[in-house]
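Beneath this line is the structure, given in structure tokens, with notes to follow.
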Amino acid sequence: MSQFLTTHRLRLTPLSPIHIGCGEDFEPTNYVIEDGWLYGFDPSRAALNDAQRDKLMAVARRGSLPGIQAFFRDHAGAFKTHAYVVMPVCAGVAREYEKRIGKAANVEADGNQVFNKLEIERHVYTGALQQPFIPGSSFKGALRTAWLDDLNDKRKPHDVEFKRNGEAKSSAAMEKRLLQGDFQTSPLRLLKVADLMPTREPEREVLFAVNRKKQRVMKDGREAQPKGIAARKDCILPGQYRLFAADVTLPALLRQTGAVDGKGQALTPHAEQLTNQGSVDLKRLAQQSNTYHRQRLSQELAVLDGRGLVCPDWKRGIEALINELDQQLEAGSAFLVRLGRYGGADSKTLTGEGVASIKIMGARGSSPTFASTTKTVWLAAQVEDDQKHLIPFGWAVVEIDPQGDCAALQQWCREQSHGRLDMAEQRAQLQTLRQEAAAQKARMQAEAATRAEAVEAERIAAEQRAQALAKMTEQARQIEELRQACEDWAGKLPPHGNYKTQPADANKSGLYQDANRLVKTALQENSGWNANDKASLADMLEKCLPQAIAPWDAKEQRKKLQFAKLRGAA
């Protein structure tokens, strides 16, 4: 009895840098680069001190993009400890960051400054640690192209819709013909591929994606290069042995194969595209993929080698590895695939002269042309202007139910990963910084709590004073207000503050002048001050004024401020 479901385990090893975008970017307000490492963070999690917070608010109020960029760079220590993504960056990207961050890229004719956004395109990620993975749809898409290519067998399509300018509008009819139906009758319906998830922390690096011409073009005696800015990509690095894993499930539809509805319309895939058990033939699919992708890898390496663009060591290594894996690839126990947008249109179109219709953009204002192959190729680079050490994007090998280790692949991975930065060491250093930052944050929070308590205590004391003053006589209130003023000033003198003592000069505004004026008021006839009020004023001045006034001659001031008279002495 045949199984209804067959499940196989896939293990993916990157052979070249892989970038599959997710529509998100790292920007200079959520990453910093320091000592060759990118730290991606949520800026709201950082604990800024008062000075840092004030500076950030100031540049934000000015709407200064370069000022904001420079702030994050200059205060990297406050943010990188909160990083959720840490990865090395290539030398060129690190230099570009230091050179351009917070500066204008150019000035337009109208005087407006254009600033570098310095965005870095993120690889698709998942989980709390935001680790990269390979979507099952990307892997299945590569297999789908190879399957269609095998079914088409280089025949020029006659059922593709084209726009007036020659651009392919829709190939749905051709694909439906090749697969003998639409979704419900397509054999790909029976290929269930899960996302390939990392088995350990992937090694990544921010690399340049640079565009290079396949054929040398000379202009004014110099080689012309494609126009455009080199993009910065978050990439999975090659040479990580069996880094990703996933299951592929193959449902069997033996009894339902070829079933039709009441109108004779097919309900399931046709039997000739399936195994005898009514499921997708994974071995055959791998062989189709390998035929398709090995041809394209060979062609691409030949083009790049002819132009002197490809990294020689990587080219020699990958050619030797493919030869070592030849038996597995021929047997269909492993897939050679091309993943991601930067694999190029050549790895996503069908084989044959006049079969593909790839849109080639010309100079600005000119109409596009269409060809069976592209004129340029995207390559991974360590520096933006590199011409000799480039590597194609997106190549990977996917093993099916591997039993034991693959010695050739394992050895190649060891050679590729030799000399890379140690992520474990970097993580350990970052953890130490996080602990220090957590302790600092706790201190700052404690200090803030203490300040808040002091402010609240001062508010309560002020409220109590106000209530007490409201219940006092006018004379007692004036005495208390002057006493409080003396106490406040004394509290701001060293070592508690940087205020200076006030002079004992009745001709200068200040506490002594206020005291002298109040004494005169109290000693006036019919002033309303009784003997107790006057004596209280004398006691307060003798006790409190010396705390804020200097120099203080007690004998002289008792005479000037008429303490004896205030106390009722003749």
Side-chain angles (χ1 to χ4, degrees), residues 48-54 57-58 440-570:
L48 303 181
N49 58 39
D50 292 341
Q52 291 170 332
R53 190 178 295 106
D54 291 345
M57 291 298 295
Q440 181 182 4
K441 185 176 181 179
R443 288 193 299 271
M444 292 172 63
Q445 290 174 336
E447 292 170 358
T450 300
R451 290 194 298 270
E453 291 173 359
V455 169
E456 179 62 13
E458 179 61 28
R459 185 193 67 78
I460 293 173
E463 189 175 280
Q464 291 173 343
R465 285 196 301 270
Q467 292 173 351
L469 288 172
K471 297 177 181 178
M472 293 178 181
T473 64
E474 176 62 21
Q475 292 77 15
R477 184 185 62 77
Q478 292 183 64
I479 294 172
E480 174 58 22
E481 288 179 346
L482 184 56
R483 184 202 67 77
Q484 186 63 52
C486 292
E487 182 179 300
D488 290 346
W489 191 273
K492 297 174 183 177
L493 297 174
H496 308 293
N498 58 0
Y499 278 38
K500 295 180 180 180
T501 53
Q502 296 189 22
D505 190 343
N507 295 317
K508 291 184 177 181
S509 60
L511 295 173
Y512 191 86
Q513 187 182 77
D514 295 341
N516 187 63
R517 188 183 298 115
L518 189 57
V519 168
K520 290 180 179 180
T521 299
L523 294 176
Q524 288 178 356
E525 292 187 13
N526 303 319
S527 64
W529 286 68
N530 60 35
N532 287 335
D533 292 335
K534 296 175 185 177
S536 295
L537 175 59
D539 293 342
M540 184 277 291
L541 293 176
E542 191 168 28
K543 177 182 178 182
C544 296
L545 266 185
Q547 298 176 14
I549 304 298
W552 181 266
D553 186 324
K555 182 177 180 180
E556 180 182 0
Q557 295 307 325
R558 280 198 297 269
K559 181 178 179 182
K560 285 186 175 181
L561 295 174
Q562 305 179 70
F563 288 172
K565 196 170 183 180
L566 288 171
R567 290 177 173 132

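Residues meeting the side chain to side chain contact (heavy atoms under 4.5 Å, CB included) test with Ser536, sequence neighbours left out: Ile479. The side chain to side chain contact (heavy atoms under 4.5 Å, CB included) test applied to Ala454 returns no partner, not counting sequence neighbours.
The only member of Arg477, Gln478, Gln484 that meets side-chain hydrogen bond (donor to acceptor under 3.5 Å, both in side chains) when paired with Glu481 is Arg477. Screening Gln557, Gln562, Arg558 against Lys560 for a side chain to side chain contact (heavy atoms under 4.5 Å, CB included) leaves a single residue, Gln557.
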Problem set entry | Candidate pair Val519 and Leu541, rule side-chain contact (heavy atoms from CB on, under 4.5 Å), full reasoning | CA-CA 10 Å; Val519 168; Leu541 293 176; 3.6 Å; yes

Problem set entry | side-chain contact (heavy atoms from CB on, under 4.5 Å) between Leu537 and Trp529, intermediate numbers included | CA-CA 10 Å; Leu537 175 59; Trp529 286 68; 4.1 Å; yes

Exercise. Given Asp488 and Tyr499, is the side-chain contact (heavy atoms from CB on, under 4.5 Å) satisfied, shown in steps?
Worked result: CA-CA 11 Å; Asp488 290 346; Tyr499 278 38; over 6 Å; no

Exercise. After noting the C-alpha distance and the side-chain angles of Arg451 and Glu458, does the key distance pass the salt bridge (Lys or Arg N to Asp or Glu O under 4.0 Å) rule?
Worked result: CA-CA 10 Å; Arg451 290 194 298 270; Glu458 179 61 28; over 6 Å; no

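Taking CG of Leu482 as the start and CZ of Arg517 as the end, the distance is 10.5 Å to the nearest 0.5 Å. Atom NZ of Lys508 is separated from atom CD of Gln502 by 10.5 Å, given to the nearest 0.5 angstrom. Leu523 contributes atom CG, which lies 4.5 Å from atom CG of Leu566 (distance to the nearest 0.5 angstrom). In this structure, Gln475 CD and Leu518 CG are separated by 9.5 Å, a value rounded to the nearest 0.5 Å. In this structure, Glu463 CD and Ile460 CD1 are separated by 7.5 Å, a value rounded to the nearest 0.5 Å. One finds the CH2 atom of Trp489 at 13.0 Å from the CG atom of Leu545 (value rounded to the nearest 0.5 Å).
Salt-bridge formation is not detected for the pair Glu447/Arg443: no Lys NZ or Arg NE/NH1/NH2 atom is positioned less than 4.0 Å from an Asp or Glu carboxylate oxygen.
The two atoms that bring Pro551 and Ala504 nearest to each other are O-CB, 4.2 Å, heavy atoms only. The two residues Thr521 and Ser527 have their closest heavy-atom pair at O-CB, 3.2 Å. The nearest pair of heavy atoms linking Tyr512 to Pro503 is CB-O, 3.7 Å. Residues Asp533 and Gly528 come closest through the heavy atom pair OD2-O, 4.2 Å.
Judged by distance alone, with hydrogens and angles left aside, the side-chain atoms of Glu542 form no donor-acceptor pair with the main-chain N or O of Asp539 at under 3.5 Å.
The number of heavy-atom neighbours closer than 6.0 Å to CE of Met444, taken from other residues, nucleotides and ligands shown, is above 12.
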